[in-house]
Visitor: 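Quick one: structure below, then a few questions.
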There are 2 protein chains.
Amino acid sequence: MTELTPRAEFLLKILVERYIADGQPVGSRTLAKKTGLALSPATIRNVMADLEEMGLVRSPHTSAGRIPTQLGYRVFVDSLLTVQPLDVEQVRKFEHEFRTEEDPQHLIETTSHLLSEMTQLAGIIMVSRRESQVGFHQLEFVGLSGQRVLVILVTQDGQVQNRIIHAERRYSPAELVQAANYFNETYSGTPLGAVKRALVTDMQRVTEDMHRMMQLAIEIARRVFLDEKREGDDLVVSGESNLMEFPELGDIQKLRKLFDTFTSKRDLLHLLDLSMRAGGVKIFIGSESGYEALEDCSVVAAPYTADGEVVGTLGVIGPTRMPYEHVIPFVDITAKLLGGALSSLGR
Amino acid sequence: MTELTPRAEFLLKILVERYIADGQPVGSRTLAKKTGLALSPATIRNVMADLEEMGLVRSPHTSAGRIPTQLGYRVFVDSLLTVQPLDVEQVRKFEHEFRTEEDPQHLIETTSHLLSEMTQLAGIIMVSRRESQVGFHQLEFVGLSGQRVLVILVTQDGQVQNRIIHAERRYSPAELVQAANYFNETYSGTPLGAVKRALVTDMQRVTEDMHRMMQLAIEIARRVFLDEKREGDDLVVSGESNLMEFPELGDIQKLRKLFDTFTSKRDLLHLLDLSMRAGGVKIFIGSESGYEALEDCSVVAAPYTADGEVVGTLGVIGPTRMPYEHVIPFVDITAKLLGGALSSLGR
DNA sequence: TTTTGGCACTCGAGTGTTGAGAGTGCTAAT
DNA sequence: ATTAGCACTCTCAACACTCGAGTGCCAAAA
């Protein structure tokens, strides 16, 4: 009885769909009606017993219908799900949003909002700081009070990063400009990863006779590029409050854990990181992720690219009982559109 | 009976304190015990009836104790409240946090976290973009693809703003550098407000014979400084999920409204703006603000200064029933410490 | 061998009742 | 002016009860 017959599969599919639709445990009678097959409730019950034995469904108590287990969801999304085609009209509107936005930072936030609004779930989007591939455009040094120097790093895709570093001595504005010039002339256009590598070798070559200007430039840049203390990846979350609509998250304590997760971000980042390596839409169901707070939640995520390179991940987070058939293609198209928008911006 | 006797005042104070402490309606018996006065419950009842008539307390139903009304809270915080002195040890630790942080942006976020952590409420902090008073330090133009130009504005306190503008034509890097140089030489150190005014007069003087370089600089800068579409003030909120602990906000719908308010920010900004004009700690109780979402909440806010100028507002938001006697001095000291930290950074 | 009908059983949700407890308002006595 | 006493009201928790949905299992039918 450890074999999953086509009929059992079909019934599981109907059951999951039904449960996703109205959140109530599904009984044998309902199932018998909703499925096209001419089977009596009793037969259904037998099949359900099998499914339960296989760990795909369970009943919350003796006399309730069945609900899918995590494994059940897994099987459902992996092999049973039929994704809905997207509404053409909506896609068109959606594309428009992406075409009109120009500022990359803003584009990221807009995307997150769109995700949450369209799906009525919480939208998440991560911008990877693994910027090894992104071209380096310009570096500026601005002297602040004391021995602090503000470093402004502009990448070729228009992203700007600011960092304040503490120098060993005070530098004159002229020195800083010179150093920046040297740096920009030497490395402009080079991918950031390559810059880092070059810095290391350059440093080894730093000798007494090297021009002071270059020494300064390399010293400051080293602090910027190699400083390990830097912040991790960027994460934007929006529409968290959409999650409050779902009764299964109604328990305030659960909700609170979830919100704290959003604030601390660490767990989510790790999850998104996983999905970044694999292409295409990836789905994490319930506690598969190993994070307690995400117990009753699923994450649907997809990496997005800019000019062929994966630069981040986006997706939504919602209760395990979410309309996957709509969410999945939606996340997919969003990743593609964002990738397209970012790529066209870069040139 | 429209007069508030000292005894009635005293009883109101005890009642509010008691209600804040354990969230239960306070009955005449409890009140008779907790107050030092040797009064019988019956007497208390008479007084309570008076207070009820004056609209300072109400009973949720016939036979429950009394709870303060919004007006009652108002009277309480305005004239009855005795603030608790802060724990010296804690203040010292607190001061340390401020002294070690250097990056202003980071400082803001840290402050918000501190606020929420220490009070177990939601911390809010607004950075006013009314930057008229802040000195202008440096402007950089970086050409991006197409006709877009990235403008980086550095203020004297180390804040950096990025903005992307669309130029009418493509500018060469050399042109941009020249324009920036002109601008930096002309205006560095000038307060931003003054820069704006100067721009307007400069523009009137722009004639055919003016140097092309200056024209360019002024044109770009005009777009940056006078563009009305720019984002409003910055608002950082943290610890929202602390609010979930309070039973009076337990209704998911209410909570959701609140969270949406945090996301949309507009209402909160308006409120904080109010408190910015007046110095010192200001308290908004319940719907005094006129915002439905804040019905059962109070906001305790104080403006903070940098080098003598008000540059923003910080505070906490929590249920009306919050421990004002601790929160108020806490918000106060935080505002002062942040102001001090910002001022010392600027030099 | 698979499917079905029937039957006993379980559980949860909703409903009505009841009694205890807390608190009030009013009045008469101090 | 204050207090004691009393009747009254309201909430809340406990309890018993019913109803309906759904299950498991067995024996009969296909």
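Chain letters run A, B, ... following the sequence lines, proteins first and then strands; every chain starts at 1.
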Visitor: Rounding to an integer number of Å, can you tell me how far A/L39 CG sits from D/dA30 P?
Guide: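 Value for this atom pair: 16 Å.
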
Visitor: Suppose we screen for side-chain hydrogen bond (donor to acceptor under 3.5 Å, both in side chains). Which residues come up paired with B/Y324, at least two apart in sequence or across chains?
Guide: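 Only B/S298 meet the side-chain hydrogen bond (donor to acceptor under 3.5 Å, both in side chains) criterion with B/Y324.
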
Visitor: Any luck finding a side-chain donor-acceptor pair between B/T82 and B/E325 under 3.5 Å?
Guide: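 No, because no side-chain N or O of B/T82 sits under 3.5 Å from a partner of the opposite role on B/E325.
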
Visitor: Before giving the answer on side-chain contact (heavy atoms from CB on, under 4.5 Å), spell out for A/T320 and A/I285 the whole-Å C-alpha distance, their side-chain angles and the decisive distance to 0.1 Å.
Guide: CA-CA 6 Å; A/T320 306; A/I285 296 172; 3.7 Å; yes

Visitor: Walking along DNA chain C from 5' to 3', note the first and the last nucleotide with an atom under 4.0 Å from a heavy atom of chain A, and give both.
Guide: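 Under 4.0 Å from chain A, the extent on DNA chain C is C/dT3 to C/dG12.
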
Visitor: Indicate, with a heavy-atom threshold strictly under 4.0 Å, whether B/A38 touches base, sugar-phosphate, or nothing.
Guide: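 Sugar-phosphate only.
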
Visitor: Want to settle it: does B/S63 or B/A49 sit nearer the 5' end of DNA chain C, counting the closest nucleotide to each?
Guide: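 The residue mapped nearer the 5' terminus is B/S63.
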
Visitor: Rounded off to whole Å, could you give me the CE-to-P distance for the A/M48 and D/dT23 pair?
Guide: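 Distance check: A/M48 CE to D/dT23 P gives 7 Å.
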
Visitor: Mind checking A/A64 for me? I need base, sugar-phosphate or nothing, with any heavy atom below 4.0 Å counting as a touch.
Guide: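 Sugar-phosphate only.
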
Visitor: Between P on D/dT3 and CG on B/N46, what's the gap in Å once rounded to a whole number?
Guide: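 The answer, rounded to whole Å, is 10 Å.
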
Visitor: Provide, to the nearest angstrom, the distance between the CZ atom belonging to A/R45 and the C1' atom belonging to D/dG22.
Guide: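 Nearest whole value for this atom pair: 7 Å.
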
Visitor: Could you pull out every donor-acceptor pair under 3.5 Å between side chains of residues 11-36 of chain A and any protein atom, sequence neighbours left out?
Guide:
| unit_1 | atom_1 | unit_2 | atom_2 | d |
| --- | --- | --- | --- | --- |
| A/S28 | OG | A/R45 | NH1 | 3.3 |

Visitor: Return whichever of B/P60 or B/A42 has its heavy-atom-nearest nucleotide of DNA chain D closer to the 5' end.
Guide: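 With B/P60 and B/A42 compared, the 5'-side residue is B/A42.
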
Visitor: If you assign B/T43 and B/H61 each to the DNA chain D nucleotide with the nearest heavy atom, which residue ends up on the more 5' nucleotide?
Guide: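 Its nucleotide being nearer the 5' end, the pick is B/T43.
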
Visitor: Answer yes or no: does a side-chain N or O of A/T62 lie under 4.0 Å from OP1 or OP2 of D/dG22?
Guide: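 Indeed not, no polar side-chain atom of A/T62 lies that close.
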
Visitor: Output the rounded distance in Å from CZ (B/R29) to P (D/dA4).
Guide: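 It works out to 11 Å between those atoms.
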
Visitor: More than 12 foreign heavy atoms under 6.0 Å from CD of B/E292: is that the case here?
Guide: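 No.
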
Visitor: Between atom CG in B/D50 and atom C1' in D/dT2, what is the gap in whole Å?
Guide: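 Distance, rounded to whole Å: 14 Å.
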
Visitor: Which nucleotide in the list D/dC6, D/dC10, D/dG22 gets nearest to the side chain of A/T30?
Guide: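 Among D/dC6, D/dC10, D/dG22, the one nearest the side chain of A/T30 is D/dG22.
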
Visitor: Tell me which one of B/D260, B/T261, B/T263 satisfies side-chain hydrogen bond (donor to acceptor under 3.5 Å, both in side chains) with A/S241.
Guide: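 That would be B/D260; it is the only one of B/D260, B/T261, B/T263 passing the side-chain hydrogen bond (donor to acceptor under 3.5 Å, both in side chains) with A/S241.
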
Visitor: Establish, with yes or no, whether the OP1 or OP2 oxygen of D/dT23 is under 4.0 angstrom from a side-chain nitrogen or oxygen of A/R66.
Guide: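 Checking A/R66 against D/dT23: at least one side-chain N or O falls below 4.0 Å of OP1 or OP2.
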
Visitor: Which value, rounded to the nearest 0.5 Å, describes the distance between B/F94 atom CZ and B/Q90 atom CD?
Guide: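 The distance works out to 8.0 Å.
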
